[in-house]
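Shown next, in structure tokens, is the structure this report addresses.
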Amino acid sequence: MRRRIPFDDARPVPKTLKQDTESVYEKTVKTLKTSQKTLQDKTNTQQTQITQKRPCMNCMKSETYGSCWFCSNPVCEKCVGECSQCQNGFCRICSTINYESAEERVMCLDCNRS
């Protein structure tokens with residue numbers, strides 16, 4: 001026995017949850033493709049910004065070699081320092097020269113602490 005509906009003007013809602021599975025599938029695929037295209041557009045925009053010529057943050061020359069591994073600022077080939085332990089390229093702000101051995105070694109701030 002069904003319980004009574006507490007509202008006077010309400011009609012019982014049929015319990016039909018059947019939907020066209022093909023239309024649900026098509027909507028899902030369309031949503032996934034749209035979001036993938038949006039993501040690709042954002043990625044392409046970011047890559048364009050990275051490859052644009054920006055001056056080196058240390059010497060302000062227009063030619064950049066790459067970006068600092070830690071802060072992502074552009075650095076030229078003369079200003080980049082490769083850490084002697086982790087072998088990544090760092091700018092002068094994110095690296096230091098270590099004088100503990102007989103040779104001067106460029107080290108990033110993380111490796112220099114260790």
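Every heavy atom of this structure was used, including side-chain atoms; hydrogens, water molecules and symmetry mates were not.
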[atom1] of [X] to [atom2] of [Y]: how many Å apart, nearest 0.5 Å?
X      : Y     : atom1 : atom2 : value
Ser72  : Met57 : OG    : CE    : 11.0 Å
Glu104 : Thr96 : CD    : OG1   : 10.5 Å
Leu109 : Phe90 : CG    : CZ    : 8.0 Å
Cys111 : Asn88 : SG    : CG    : 8.0 Å

Side chains of [X] and [Y], heavy atoms from C-beta outward: is any pair under 4.5 Å?
X     : Y      : result
Ser67 : Pro74  : no
Asn73 : Cys91  : no
Cys94 : Cys108 : no

Partner residues of Asn112 under the side-chain hydrogen bond (donor to acceptor under 3.5 Å, both in side chains) criterion, sequence neighbours left out: Asn98

Minimum-distance pair of heavy atoms, taken over all atoms of [X] and [Y]:
X     : Y      : answer
Cys68 : Val75  : N-CG2, 4.2 Å
Cys83 : Met107 : SG-CA, 3.8 Å
Lys78 : Arg92  : O-NH2, 4.1 Å

More than 12 heavy atoms of other groups within 6.0 Å of Glu103 CD: no

